[in-house]
Amino acid sequence: MTTGTTSPNTSSPATVGTSRPAWLRDALVVAGYLGLAVMVTSGQWGRPWRLFHQAGDQILFEWMLTHAAHAVVEGENPLFSSALNAPHGVNLMANTSVLGLGVPLTPVTLLFGSQVAFCVAVVCCLAGTAVAWYVLLRRRLVGTRAAAAVGGLVCGFAPGMIAQAGAHLHVAAQFLVPAILALVFRPASDTTRHGVWRPGVGLGLLLVWQVFIGEEVLVFLALAAGVFALGYALADRAAARRLAPALFGRLAVAAGVAAVPLAYPLWFQFQGPQHYSGMAFATQGFQLDVASFTASARQTVLGDDWLPGLLSPNPTEENSFFGPGLLVLAVVIVIWQWRRPLVRALAACGVVFAVLSLGDELRVDGEATGVPGPYRLVGGLPLLDLAVPARFALVCVPVLGVLVALSVDRVRAARGPNVAPGLPVRLLWAGAVAAALLPLTPTPIRVVPVAPVPAFVAAGGWRPLVPPGRTVVAVPPVTGAGRSPVMLWSARTGPGFSAPGGYFIGPSGPDDPAARWGAPDRPTSVLLRQVADTGAVPVLTDTDRRQAVEDLRHWRAAVVVLGQLEHGDPVRRTVDDLLGPGRSVDGGWLWDVRDRVG
């Protein structure tokens with residue numbers, strides 16, 4: 001995000017009079033980011049039956065990490081799995097499979113399990129994003145280490161990043177964003193020295209990696225880079241004309257490089273088995289409240305549960321919540337440094353995406369105003385019609401981080417007649433920055449309990465009972481959006497068995513590609529889910545029993561397993577009535593249905 005007009009990095013590797021070498025100071029910054037990321041995830045370390053508050057999403061990503069490790073070891077197709085949604089399977093390329101994280105983390109997953117791998121991934125996403133922005137700021141945009149460190153802190157640990165990290169690895173993993181931007185926007189001197197081929201090839205490879213981490217972030221990045229480039233071109237037309245040919249050359253090379261390795265995966269995503277069209281939920285319903293931008297997120301030292309719940313769609317989408325101090329500081333910075341084209345372009349980019357995050361209709365303090373939101377103008381465009389409006393506010397995070405870094409750098413470098421003698425400018429500005437950022441200090445991500453994997457499953461007791469081609473049916477079989485016990489069992493023990501249902505997005509049916517959460521419901525899955533939710537034991541008929549056998553045949557079931565549930569006894573009695581008496585196993589109940597299903 002820079003051109004030849006930005007401030008050079010003038011700091012030497014080791015400043016005279018400084019006791020610590022430059023590499024050690026950089027290492028201290030990185031260690032600080034890592035320590036903060038570990039603190040944020042501290043609610044789970046050493047607590048295997050605690051998950052972050054959006055437990056269903058963590059189960060999904062733990063399963064994805066386990067699948068990636070299994071695919072590496074067994075040499076299986078990483079883009080598809082028959083371990084879920086039996087008998088049809090799941091198109092993982094069309095879901096958030098995070099192979100770009102799961103494959104590198106394979107040793108961690110195999111040695112320490114899926115929960116540790118997930119927590120390590122969260123730490124890497126948060127600290128890695130902060131480090132990547134620190135490096136970009138330090139090398140391209142600012143001349144002081146302190147300014148880069150503060151900017152990286154905002155970019156990696158803003159409330160929106162913490163909210164997403166507790167559930168959505170593919171959104172929180174933004175450590176490639178600064179590297180991609182550094183290759184897209186290069187100073188004229190670098191273009192002269194390296195041409196377009198070398199950075200273009202590097203850019204293409206990074207784009208491939210980002211696709212396998214999360215395409216959503218890449219779409220937002222492309223949109224934000226386009227808006228920024230347009231804003232910069234309007235602010236400095238001469239620089240834009242000078243830099244544009246090389247920029248388009250790099251993009252062309254990158255597109256050619258990325259097209260080769262991505263051709264088959266993208267075909268598989270949109271045309272392969274179990275592909276779907278559209279989205280499984282109404283994305284337009286996920287929008288932010290105007291008041292959310294000045295409020296405190298629940299995962300901060302000043303946050304609470306009530307107000308964020310009123311101003312955001314759910315705890316994971318608290319993507320704004322910057323507080324009044326940081327926004328006021330940003331306005332002051334923009335006014336103060338308005339003459340810099342970089343600042344004007346950043347301001348325009350931030351405002352555009354903040355406004356888009358408000359959705360179709362503006363809401364203020366939880367009340368609909370009837371005023372149409374600007375998102376209506378673009379919501380029907382391809383790709384944007386699949387985007388969650390609330391996540392547009394995440395673009396504001398690096399915008400604010402870069403603005404704060406630029407201001408700290410300018411103040412620390414202030415010299416000469418424009419600075420009033422005796423005025424502690426540095427101290428005053430440091431106080432203003434601290435006052436704006438301290439209320440955003442993150443707290444450990446909240447955790448909730450989860451039922452442990454039945455020891456019968458964890459110890460592999462199912463293996464002699466489940467022949468090849470048959471499945472393990474967890475009770476209740478989750479076929480829609482929600483916590484999926486069988487996905488947790490599979491993630492924690494390795495995907496050794498196949499199961500019906502699961503938490504994923506797939507087609508509504510063999511002849512209906514419309515997206516839906518999970519597999520189409522079967523009557524028995526609906527029945528058992530109602531009992532699990534209410535605890536009420538229904539009066540069953542022979543028709544219900546015949547339907548249960550028919551559903552088990554559809555799922556190719558060998559065994560039915562009940563673990564710990566809140567209403568476990570009513571569910572057990574219901575399954576007994578459907579299938580006959582089960583037997584107690586370590587950690588749950590088991591029904592062997594091989595003879596009944598045939």
Side-chain angles (χ1 to χ4, degrees), residues 51-61 95-96 158-172 174 214-217 219-220 223 278-300 303-323 352-376 378-380 383-397 440 442-443 445-446 448 480-483 503-505 515-518:
L51 303 179
F52 290 143
H53 53 90
Q54 295 289 89
D57 288 314
Q58 177 169 340
I59 291 171
L60 165 69
F61 284 107
N95 282 267
T96 51
M161 292 293 292
I162 302 299
Q164 293 291 337
H168 299 152
L169 286 183
H170 65 299
V171 178
Q174 297 186 26
E215 296 170 66
E216 186 174 3
V217 167
V219 170
F220 280 100
L223 293 172
M279 281 298 290
F281 58 96
T283 56
Q284 293 83 356
F286 290 78
Q287 62 185 62
L288 295 176
D289 192 295
V290 174
S292 71
F293 283 83
T294 57
S296 296
R298 70 188 75 201
Q299 295 288 169
T300 58
D304 58 49
D305 288 339
W306 178 79
L307 187 59
L310 180 70
L311 304 180
S312 65
N314 58 51
T316 306
E317 301 301 342
E318 294 174 14
N319 302 316
S320 49
F321 294 87
F322 299 113
V352 166
F353 284 90
V355 170
L356 289 176
S357 72
L358 302 177
D360 287 335
E361 180 183 4
L362 301 187
R363 299 177 63 86
V364 180
D365 289 329
E367 299 292 333
T369 64
V371 178
Y375 178 75
R376 288 191 181 186
V378 298
L383 294 181
L384 291 181
D385 60 337
L386 303 178
V388 176
R391 294 180 189 172
F392 282 116
L394 290 171
V395 174
C396 301
V397 171
L440 305 183
T443 56
I445 301 173
R446 295 176 299 118
V448 295
R483 294 192 196 183
Y503 181 28
F504 61 92
I505 301 178
R516 61 158 287 142
W517 287 114

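All of these numbers come straight from a predicted model, not from anything done at the bench.
The aromatic rings of F61 and H170 lie parallel to each other, with less than 30° between the two planes, well short of the 60° mark. Relative orientation of the F220 and F392 rings is perpendicular, given thresholds of 30° and 60° on the angle between their planes.
Formation of a donor-acceptor pair under 3.5 Å by the R391 side chain with backbone atoms of A393 is not found in this model. N319 places no side-chain N or O within 3.5 Å of a backbone atom of L394 that could act as its donor or acceptor partner. Between the side chain of D289 and the backbone N or O of G366, at least one donor-acceptor pair lies under 3.5 Å. With hydrogens and angles ignored, the 3.5 Å screen pairs no side-chain donor or acceptor of S312 with any backbone N or O of G309. Using modelled atom types, one side-chain atom of D385 and one backbone atom of L383 make a donor-acceptor pair closer than 3.5 Å. Of the possible donor and acceptor atoms, none in the side chain of Q58 sits under 3.5 Å from a partner among the backbone N and O of G166. Formation of a donor-acceptor pair under 3.5 Å by the T369 side chain with backbone atoms of L362 is found in this model. Between the side chain of R376 and the main chain of D360, a donor-acceptor pair closer than 3.5 Å is present. The closest donor-acceptor contact from the side chain of D304 to the backbone of L307 lies under 3.5 Å.
A 4.5 Å side-chain heavy-atom check between C396 and F322 finds at least one atom pair inside the cut-off. A heavy-atom distance below 4.5 Å is found between the side chains of L60 and T96. Side-chain atoms of F286 and F281, non-hydrogen and from C-beta on, do get closer than 4.5 Å to each other.
A distance of 9.0 Å separates CG of N314 from NE2 of H53, quoted to the nearest 0.5 Å. In this structure, CZ on R298 lies 5.5 Å from CG on D305, to the nearest 0.5 angstrom. Atoms CD and CG, from Q54 and L51 in turn, are 11.5 Å apart once rounded to the nearest 0.5 Å. Atom CG of L310 and atom CG of D365 lie 7.0 Å apart (nearest 0.5 Å). Distance check, rounded to the nearest 0.5 Å: NE2 of H168 to CZ of F52 gives 13.5 Å. Interatomic distance, CD of E216 versus CG of L386, reported as 10.0 Å (0.5 Å rounding).
The two residues I505 and N95 have their closest heavy-atom pair at N-OD1, 2.7 Å. L356 approaches Y375 most closely through the heavy-atom pair O-CB, 3.8 Å. A pairwise comparison of heavy atoms in A158 and V397 identifies CB-CG1, 3.6 Å as the closest pair. Between F353 and L223, the shortest heavy-atom contact is CZ-C, 3.7 Å. Across L358 and F293, no two heavy atoms sit closer than the pair CD2-CE1, 3.8 Å. Of all non-hydrogen atoms in L440 and G323, the two that sit nearest each other are CD2-N, 4.4 Å.
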Q.
Before you tell me yes or no, could you show the steps for I445 and I162 under side chain to side chain contact (heavy atoms under 4.5 Å, CB included), namely the whole-Å CA-CA distance, both residues' side-chain angles and the distance that decides it to 0.1 Å?
A. CA-CA 8 Å; I445 301 173; I162 302 299; 4.0 Å; yes
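Residues E317 and Q164 bring a donor and an acceptor atom of their side chains to less than 3.5 Å of each other. Side chain to side chain, S320 and S292 meet the donor-acceptor criterion of an N or O pair below 3.5 Å.
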